[in-house]
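Worksheet for the structure shown next.
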Amino acid sequence: MVLHYLKVALRNLLKYKTHSFISALCLAVGIVCYTIICFFMQEWAKLENLPDSERRIRITVNQKQSPFFRTNEIKRLEEQSISGLECLTIQSFNNSTEIEVIDNEQRNLPFLIGYRGVNSNFFSYNNRKLLHGSRLPEAPDEVVLSHKFASKAYGTANPIGTTIRLANPQSIAENTIQSFKVVNVVEDNGLQDPKVDCYFSYEIMTYDALSVQGYLSPKATMEMLNKSLQSITWQRNEDTVHSYAAFSMRQDKELTMVQFLILFIASLILVSGLINFLKFIIQMFYNRQREVALRKCMGSEKKGLFLLLFAEVFWMMSTAFLLSLFLTELMINLAKIYIPSHDMPDLPLSSIYVIQFQIYIALLMICMLVIWFPIRRLRQVSIISQINNNRSRHIFRSIMMWLQLGIAIFFVGSTLGVNMVWHEAFGQAYNPLTSEEENIISLKVNSQRMWQHINPILSDIQALPECIETLTMTDDLQSGNHFMRTYKKADQSEVMIDIAMGAPSYFKFLKIPLQGKEVNGDAEGTVYVSEAFRQQLDKDNVQDRVEIEGQSYRIIGIFKELYKETQGRATIGSVFFPSNHFRYFYVKLAPSTNAAKSIRRITDICRNYVPTTLPLEIRSLSDNKQTMMGSMYMTQVAMTILAIVSILLVVLSIYSAISMDTVSRQKEIAIRKINGATPWIIAGIFGKAYLMIFLLAFAVAYPLVRLMLLSIDADTVKCIQGWDWGILLFFSVAFMIFLTTAYKIYRIMHINPAEIIKNE
């Protein structure tokens with residue numbers, strides 16, 4: 001019997017396969033969004049639910065400019081007896097360097113790693129399990145590895161007792177230790193330290209900013225602890241400072257509200273998809289009342305009708321679930337392509353699939369409860385009760401369409417606003433190269449091993465026949481972000497200016513107009529200024545020399561703008577410092593050169609000197625993957641997809657509703673036309689309901705979108721402060737609804753009453 005219902009349900013769904021597939025696809029997108037947010041919420045909860053969370057405290061310095069500690073200041077804390085403080089825990093912020101691993105076979109393997117400086121209490125305080133006993137670092141030349149890095153560097157071999165060596169000890173300021181002994185391996189912990197490979201002693205990091213945490217003793221109070229801390233003072237930048245403690249794990253109401261807001265936004269598409277999904281199933285079931293009547297005559301009970309409708313829900317929900325699995329893998333792969341590796345969190349598919357399956361089961365349970373109502377109503381045979389049910393069904397349907405339309409307006413408005421902000425912030429960036437970016441290859445010098453062989457590498461690259469021009473820069477051209485410095489105007493007010501630093505051939509290489517001479521080599525004490533900054537200097541009566549942050553520079557030229565500079569956003573102009581120091585090397589290829597082949601050739605050249613354990617960062621200037629711009633582009637695409645999905649759901653919902661209305665009310669319209677109703681009166685009968693739903697949805701959704709966008713950065717982003725984009729949003733959504741309903745309303749406006757009565 002169950003197989004029979006499954007076959008019947010599948011046959012019925014295939015009659016409307018396009019509608020069914022779109023509904024399942026939209027629901028799948030909602031499941032994916034909600035799953036990912038639930039996963040991050042669970043991981044965040046793990047970080048908050050650490051042992052003794054009510055006693056956890058954070059100790060900071062009473063100096064706003066630098067509230068963190070230095071190594072010598074922590075030594076002073078450790079030397080004192082601080083009553084009320086337990087388990088003093090020290091950790092630095094994440095950093096990166098290059099190391100050489102000497103494995104059990106005495107091979108020397110270089111790696112780029114992320115690292116932190118910690119003390120021995122760090123692991124127990126953060127509930128991190130050690131995988132090889134309880135041995136903790138006891139000396140500054142001992143190190144603990146993450147399990148992920150240990151597997152990468154040593155495979156299945158035990159790393160305990162092996163040695164790692166800094167490729168450049170000077171990468172950690174004033175560090176004199178070069179070799180470190182591996183004493184243990186710590187388990188990986190999701191979001192807490194996703195990119196940390198090595199845990200060194202904080203004692204080797206003399207100038208790094210260090211955070212201090214601990215426990216408040218059970219019998220102590222915060223007042224007692226702060227009194228003890230205030231008695232310990234030291235000198236910093238000619239100021240006398242001390243430290244103070246505050247609870248670190250008490251629930252932050254603002255953070256909780258943000259978490260619920262994110263979860264709410266993620267649930268909007270899921271709810272909208274589920275409404276459309278159930279409405280389509282139940283509406284289709286209502287339209288088959290003749291079939292249901294025949295089944296009742298043949299003795300079908302509520303159980304049979306329930307199984308028939310549930311079978312349709314099962315097929316659709318299972319299709320949506322399978323599509324969501326595919327979309328999850330696709331989304332994670334795209335994220336790995338576009339989001340920089342150091343910003344990409346670990347996303348274990350097994351954990352995500354478990355959450356996804358739980359959501360699938362929960363949605364099935366919800367559907368089982370919802371579909372019982374149409375079954376109960378269809379069992380009622382009274383004409384009066386059927387009329388009342390139809391009326392209440394239309395009210396319910398209108399509320400659901402209002403909610404769906406409100407969600408669609410929210411996402412479409414958000415997408416429109418974000419695109420406008422993006423265009424204002426980055427879309428008008430100065431780019432004199434236009435389509436030539438594809439023929440410029442970027443090479444980042446990202447490892448000590450590459451620095452050691454940089455001269456032969458660059459010589460081999462310049463010897464390539466397609467290489468026609470080169471440029472060295474200290475910062476990345478692809479990011480579009482420049483460093484900033486302050487300039488003091490004549491009225492003593494301070495403003496920001498963009499700065500770039502690199503070879504003087506910068507202007508010729510990037511085709512930027514320049515007035516002045518191009519110096520050879522490193523011209524210390526000289527600068528080029530932009531036209532916009534030159535205008536400000538003229539106002540300040542500055543001619544040949546400009547003072548920037550207390551240092552005077554001679555102006556040797558004026559250029560139009562920096563590459564990818566955006567005027568008028570946060571700066572008043574820009575400055576270029578000629579320098580021979582660089583971290584990025586750019587190669588311009590001859591026209592009609594295959595950039596992909598050239599990238600492979602440059603990669604082969606680098607691999608002659610750099611082993612495969614070290615990553616290479618070689619890409620076309622037009623390729624924004626693994627950059628901040630790429631991440632922002634990914635966010636734009638994701639929001640656009642959500643907006644399209646919400647629009648699809650609304651279009652399907654309104655189209656199915658207007659289709660059912662025009663079919664079920666044909667006899668009424670025929671009688672109205674016989675009594676003299678004009679086509680426009682008939683159009684108003686159907687159109688005013690959808691117009692009212694739209695106006696109510698827009699009145700709720702648009703203010704929410706506007707408030708959200710204005711909270712981003714209302715002072716610097718002017719485009720979202722006007723009302724023109726709201727008017728555009730209003731008429732765009734209204735036009736979409738008009739197109740969705742126009743054809744069906746036009747058909748019902750021009751029906752022939754005689755044909756309708758004849759068919760009856």
Side-chain angles (χ1 to χ4, degrees), residues 96-98 110-113 167-168 171 337-343 431 433 435-483 500-512 521-522 562-564 576-591 593-630:
S96 62
T97 189
E98 183 180 346
F111 291 93
L112 287 176
I113 62 158
N168 178 18
S171 61
I337 292 173
Y338 283 95
I339 297 177
S341 57
H342 53 81
D343 292 330
N431 183 8
L433 292 176
S435 61
E436 298 178 32
E437 290 182 334
E438 294 182 359
N439 285 337
I440 296 179
I441 307 302
S442 165
L443 168 64
K444 181 180 180 181
V445 187
N446 61 351
S447 66
Q448 186 66 24
R449 188 67 62 93
M450 185 178 286
W451 275 119
Q452 292 170 355
H453 301 91
I454 191 63
N455 290 328
I457 289 174
L458 297 187
S459 296
D460 291 349
I461 293 174
Q462 289 172 327
L464 292 174
E466 63 267 33
C467 174
I468 60 175
E469 200 173 346
T470 61
L471 172 69
T472 56
M473 292 290 295
T474 57
D475 54 340
D476 186 9
L477 295 177
Q478 284 176 303
S479 67
N481 285 335
H482 303 98
F483 295 105
M501 185 179 297
S505 57
Y506 171 86
F507 306 103
K508 179 183 176 183
F509 188 90
L510 297 172
K511 297 185 176 180
I512 299 174
D522 192 352
L562 292 177
Y563 178 71
K564 293 293 181 70
F576 182 86
F577 293 89
S579 173
N580 287 331
H581 302 287
F582 68 93
R583 289 184 61 212
Y584 293 87
F585 184 76
Y586 295 92
V587 180
K588 183 177 289 187
L589 306 176
T593 302
N594 188 318
K597 289 184 179 180
S598 296
I599 290 175
R600 287 195 293 269
R601 290 178 183 176
I602 295 174
T603 301
D604 292 338
I605 290 173
C606 293
R607 284 301 177 206
N608 291 331
Y609 305 93
V610 180
T612 56
T613 54
L614 292 173
L616 294 176
E617 298 184 44
I618 306 172
R619 58 168 62 94
S620 168
L621 191 61
S622 61
D623 180 10
N624 65 357
K625 301 181 183 69
Q626 293 290 310
T627 64
M628 185 200 71
M629 290 294 182

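Small disclaimer: the values here were computed from a predicted structure and weren't measured.
Contact check for L621 versus L433: side-chain heavy atoms found under the 4.5 Å cut-off. Side-chain contact check for Q462 versus T470: some heavy-atom pair is nearer than 4.5 Å.
Note that CG of L589 and CD of E436 are 11.5 Å apart. Values are rounded to the nearest 0.5 Å. To the nearest 0.5 angstrom, I605 atom CD1 is 10.0 Å from L443 atom CG. Here CD1 of I441 is found 11.5 Å from CZ of F585. Values are rounded to the nearest 0.5 Å. Distance check: L510 CG to L562 CG gives 9.5 Å after rounding to the nearest 0.5 Å. Note: D460 CG to N608 CG = 7.5 Å, rounded to the nearest 0.5 Å. Within the model, atoms OH of Y586 and OH of Y506 stand 9.5 Å from one another, a figure rounded to the nearest 0.5 Å.
Side chain of T474 to main chain of M501: a donor-acceptor pair is present (N/O by atom type, distance under 3.5 Å, no hydrogens or angles). Checked by atom type and distance alone, the side chain of T613 pairs as donor or acceptor with a backbone atom of P110 at under 3.5 Å.
In plain terms, the two heavy atoms of C467 and V587 that are nearest each other are SG-CG1, 3.5 Å. Heavy-atom minimum distance, Y609 versus P456: OH-CB, 3.6 Å. Looking at every heavy atom in both residues, N439 comes nearest to P591 through ND2-CA, 4.1 Å. The shortest heavy-atom contact between D475 and F483 is CB-CE1, 3.8 Å. Nearest heavy-atom pair across C606 and I618 is SG-CD1, 4.1 Å.
By the 6.0 Å contact criterion, CD on E466 is enclosed, its count of non-hydrogen atoms from other residues, nucleotides or ligands being greater than 12.
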Residue pair L112, L614: steps toward the side chain to side chain contact (heavy atoms under 4.5 Å, CB included) verdict: CA-CA 6 Å; L112 287 176; L614 292 173; 4.0 Å; yes
Candidate pair L477 and I440, rule side chain to side chain contact (heavy atoms under 4.5 Å, CB included), full reasoning: CA-CA 11 Å; L477 295 177; I440 296 179; 6.0 Å; no
Side chain to side chain contact (heavy atoms under 4.5 Å, CB included) evaluation trace for Y584 with K444: CA-CA 5 Å; Y584 293 87; K444 181 180 180 181; 3.6 Å; yes
Candidate pair I602 and L464, rule side chain to side chain contact (heavy atoms under 4.5 Å, CB included), full reasoning: CA-CA 9 Å; I602 295 174; L464 292 174; 4.0 Å; yes
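Taking A463 as the reference, nothing meets the side-chain contact (heavy atoms from CB on, under 4.5 Å) condition, with sequence neighbours excluded. Considering only residues two or more places apart in sequence or on other chains, E437 meets the salt bridge (Lys or Arg N to Asp or Glu O under 4.0 Å) condition with K564. Partners of E469 according to the salt bridge (Lys or Arg N to Asp or Glu O under 4.0 Å) rule, which considers only residues two or more places apart in sequence or in another chain, are K588. A search for salt bridge (Lys or Arg N to Asp or Glu O under 4.0 Å) contacts involving K597 returns nothing, not counting sequence neighbours.
Sorted by first and then second residue, the pairs that involve residues 446-456 and meet side chain to side chain donor-acceptor pair (under 3.5 Å), not counting sequence neighbours, are N446-E617. Applying the salt bridge (charged side-chain N to carboxylate O under 4.0 Å, His left out) test to pairs two or more places apart or on separate chains, none has a residue in residues 605-616.
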